[in-house]
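See structure below.
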Amino acid sequence: MQIKPKLNNIIQEAFKAINITPKTTQVSDATKPEFGDYQYNGAMALAKELKTNPREIASKLAEQLQKNSIFQKVEVAGPGFINLTLSNEFLAKNLPNTLNERAGVQEKENPIRVVVDYSSPNMAKQMHVGHLRSTIIGDTLANLFEFLGDEVIRQNHIGDWGTQFGMLIAYFEENQKDIDAKLSDLEEFYKAAKKRFDESEEFADKSREYVVKLQSGDEGCLKLWSAFIEKSLEHCQEVYDKLGVKLDNSCVKSESSYNDDLANIIADFEAKGIAKESQGAKCIFFENSKNPLIIQKADGGFLYATTDLAAIKYRVKELGAKRVCYVVDARQSEHFRQVFEAARKAGYADESILLEHIAFGMMLDISGRPFKTRDGGTVKLIDLIDEAVKRAKEVISRANDYSGEELEKIAKAVGIGSLKYADLSINRTSDYIFDWNKMLSLEGNTALYMQYAYARINSILKKAGGFEESEPILSDELEHRLALKILSLDDTLQKASKEAMPHYITSYLYELATLFMRFYENNPILKEGVPKNIKTSRLNLAKATANAIKTGLGILGIEVLDRI
RNA sequence: GCACUCGUAGCUCAGCAGGAUAGAGCAUCCGCCUCCUAAGCGGAAGGUCUCAGGUUCGAAUCCUGACGGGUGCACCA
């Protein structure tokens, strides 16, 4: 359930009762536990506007709020803060609702269609660390939107139409062999082709010729090209499967698929008077930026921007998307600002359509430089994933003895989970420093902490052997706070969805798990001497916590384990 | 040069539609397993929120400027 909107309504009603119409009635989380659960700070600003005493307004408002049984305590503090504490009855009454598959999270009444564009690998090369953030953040957002009820279309905008394909075809022609053998290591093949391209002018010319041939539909070229793509997609799929990312061939919507519409786009922009010719190229100029967006080169070739415009048109008009999220690194901010503005000008997306660049920072090594291999090359994503699992295996076997099969399973969940969590727990807009030790440390705010909390709860529930689902008895502050936290999952997910910020979810989960651990230390569940009703109550709290953790981690694409 | 973005504890990061004594984790120090998983819990210490102005009853948060880092800047994607 969503608590904050409910509180906002209650405050609005209370204002009505005292004949004041405030601009906003947003409650916020209490800054400290002593202040209660939530606080409303609007009285100060309001007093200024109405030229009265803030404490007076706050007192009057508090008086009204007190009448509502949702609150255990309403307190006016300092210059006019209103501190709100929810009643245990309210929390207890709602807690059983979280014992279902959705952990008590409401499904949207008015779902919209959302396109999430993420991962977007280049088909000529293997995926590298640069693709990690887009893939993970995008998948999480898609999961999140979907969970909240939106109709999500995951799109993998693969780069399959660039000039690099001419190079690959040319190189293949030179070294004609069995295509499978040649492409078994695509990276090597690409490097070899690139080397030839840089060394030989003749080869470079030939490559360019092949691009033209390819793009004009030469059958032989197309056949080779699709073989490259197919092979390349197999590599990508291997990565997605290992990561547990929900992308597959049905999500692929390639650059080349927009090819037939590109000429129309140019014509349309020209007809609408939005595009102008400048130095031979077709450009769109903007008032607040000196750089134009080039949509057609002087030689007639189309560009990235052209494809992006066609993609917007397709996503809005054909797919009916109301929100389109581009999970692409922050360096392309200006590009997307321009593309979005151009799309608006052309009427491809009206103001009601949300076009969002979900920008993220770079992945850096411990010394703050771009993440590279020891010899300075790019780190292949598949290697990074395997390394994470390998290291997780070492770390967990140090702490415990596992059978071979169990070790594999746990290492995979912990390794992949940690890799994802390390990324998702940081505000996506900033660059982040990737540190193996920090990521796989067994302490603190890591995936393992949540997985551990979940496994512990699971162990208790298993030992208890079943219990009656009922309203818990919230007997102390810890239980009160735990119950409140469990019930705030919905508010957290709403906020994370609205702002497309996965790290709100990780913060929530960490707070939840921490509260549980404290509860667990202080409030015995199965130990001797615990009265039956208390035991049942605590089992309910434990189960609800496990549910919230599982749901939250599920959205992040992180597996839970029954036992660690 | 222009634009965007960032600067918070020794390190890595939260907090930023203004609100009370600025929060975590790691690292450091001190405690807690005859007791539901110690991969845990409790505690200590650690900050003039880069600097200087401004707006405000109130600024880490908003505005201006400086300094410092990163990124992007016409026919790559």
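Note: hydrogens, waters and symmetry copies are ignored here, and every other heavy atom, side chains too, is used. Just so it is clear: chains get the letters A, B, ... in the order the sequence lines come, proteins before strands, and each one is counted from 1.
- Across all strands shown, A:Lys282 has no heavy atoms under 4.0 Å from either base or sugar-phosphate atoms.
- Here A:Arg208 pairs with A:Asp205 in a salt bridge; the nearest charged N to carboxylate O distance falls below 4.0 Å.
- Residue-level contact check: A:Arg456 touches the bases, meaning some heavy atom is under 4.0 Å from a base atom.
- B:rC4 sits 25 Å from B:rA60 when the P atoms are compared, rounded to a whole Å.
- The distance between atom OH of A:Tyr508 and atom P of B:rG23, rounded to the nearest whole Å, is 22 Å.
- In this structure, A:Lys463 reaches the B:rU37 phosphate: one of its side-chain N or O atoms is under 4.0 Å from OP1 or OP2.
- Base contact: A:Ala281 has a heavy atom under 4.0 Å from a base atom.
- Nucleic acid contact class of A:Ala47 (heavy atoms, under 4.0 Å, all strands): none.
- Here the nucleotide nearest the side chain of A:Met44, chosen from B:rG19, B:rC76, B:rA74, is B:rG19.
- If you check B:rA14, B:rC73, B:rC36 against the side chain of A:Asn291, the one that comes closest is B:rC73.
- Nucleotides B:rG15 and B:rU8 place their C1' atoms 9 Å apart, quoted to the nearest Å.
- Note on A:Ser120: nothing from the nucleic acid sits closer than 4.0 angstrom, heavy atoms only.
- Using a 4.0 Å cut-off, some side-chain N or O of A:Ser459 falls inside it from OP1 or OP2 of B:rU37.
- Proximity of A:Ser333 to the phosphate of B:rC73: no side-chain N or O atom is located under 4.0 Å from OP1 or OP2.
- With P as the reference atom, B:rU55 and B:rU61 are 15 Å apart, rounded to whole Å.
- Using a distance-only test at 3.5 Å, with no hydrogens or angles considered, a donor-acceptor pair links the side chain of A:Thr140 to the main chain of A:Ile136.
- Proximity of a side-chain donor or acceptor of A:Tyr508 to a complementary backbone N or O of A:Lys485 within less than 3.5 Å is detected.
- Distance alone, capped at 3.5 Å, places no donor-acceptor pair between the A:Ser134 side chain and the A:His131 backbone.
- The interatomic distance linking A:Lys535 (NZ) with B:rC36 (C1') rounds to 11 Å, in whole Å.
- Comparing the same atom, P, in B:rU21 and in B:rU28 gives a spacing of 33 Å after rounding to whole Å.
- If you check every strand for non-hydrogen atoms under 4.0 Å, A:Leu448 touches a base.
- Using atom C1' as the reference point in both B:rA52 and B:rG68, the two lie 15 Å apart (nearest Å).
- Protein atom CD1 of A:Ile426 is 6 Å distant from nucleotide atom P of B:rA14, rounded to whole Å.
- Using atom P as the reference point in both B:rA39 and B:rA27, the two lie 14 Å apart (nearest Å).
- In this structure, A:Tyr510 reaches the sugar-phosphate backbone alone: every heavy-atom distance under 4.0 Å involves primed, P, OP1 or OP2 atoms, never a base.
- Taking atom P on both nucleotides, B:rU48 is separated from B:rC11 by 13 Å, rounded to a whole Å.
- One finds a side-chain N or O of A:Lys32 lying less than 4.0 angstrom from the OP1 or OP2 phosphate oxygen of B:rG23.
- When heavy atoms are screened at a 4.0 angstrom cut-off, A:Asn523 is found touching base atoms of the nucleic acid.
- Residue contacts for A:Ile525: at a heavy-atom cut-off of 4.0 Å it reaches a base atom on one of the strands shown.
- Listed candidates were B:rA39, B:rA74, B:rU37. Nearest to the side chain of A:Ala455 is B:rU37.
- Both A:Asp431 and A:Pro292 lie close to RNA chain B; mapped to their nearest nucleotides by heavy-atom distance, the more 5′-ward contact belongs to A:Asp431.
- A:Asn437 contributes no side-chain N or O that forms a donor-acceptor pair with the base of B:rA27 under 3.5 Å.
- Relative to the six-membered ring of A:Tyr258, A:Lys253 meets both conditions, a distance below 6.0 Å and an angle of at most 45° to the axis.
- B:rG54 and B:rG10: their C1' atoms are spaced 34 Å apart (whole Å).
- Between A:Tyr449 atom OH and B:rC41 atom P there is a gap of 4 Å when expressed in whole angstrom units.
- Put simply, NZ on A:Lys48 is 12 Å from P on B:rU55, counting in whole angstrom units.
- With hydrogens and angles left out, the side-chain atoms of A:Asn291 and A:Ser289 include no donor and acceptor closer than 3.5 Å.
- Across all strands, A:Tyr402 comes closer than 4.0 Å to base atoms (heavy-atom distances).
- Residue pairs meeting the salt bridge (charged side-chain N to carboxylate O under 4.0 Å, His left out) criterion with at least one partner in residues 30-48 of chain A, sequence neighbours excluded, do not occur; the list is empty.
- Residue contacts for A:Gln332: at a heavy-atom cut-off of 4.0 Å it reaches a base atom on one of the strands shown.
- In this entry the distance linking NZ of A:Lys194 with P of B:rC76 reads 14 Å, nearest Å.
- A:Phe336 comes within contact range of no nucleotide atom at all, as no heavy-atom separation falls under 4.0 Å.
- Applying the 5.5 angstrom centroid cut-off and the 30 degree plane-angle cut-off, the aromatic ring of A:Tyr520 is not stacked upon the base of B:rG40.
- Counting non-hydrogen atoms under 4.0 angstrom, A:Ile396 reaches a base of the nucleic acid.
- At a cut-off of 3.5 angstrom, the base of B:rA14 holds no donor-acceptor pair with the side chain of A:Ser425.
- When each of B:rU37, B:rA14, B:rG72 is scored by its nearest atom to the side-chain atoms of A:Arg331, the top-ranked nucleotide is B:rG72.
- Rounded to whole Å, atom C1' of B:rU37 lies 13 Å from atom CG of A:Leu526.
- Checking B:rU12, B:rA14, B:rA39 against the side-chain heavy atoms of A:Ser507 singles out B:rA14 as nearest.
- Using cut-offs of 30° and 60° for the angle between ring planes, the A:Trp225 and A:Trp161 rings count as perpendicular.
- The main-chain N or O of A:Lys550 is never found under 3.5 Å from a side-chain atom of A:Tyr454 such that the two would form a donor-acceptor pair.
- Across all strands, A:Leu364 comes closer than 4.0 Å to no nucleic acid atom at all (heavy-atom distances).
- Between A:His503 and B:rG15 there is a side-chain N or O to OP1 or OP2 distance below 4.0 Å.
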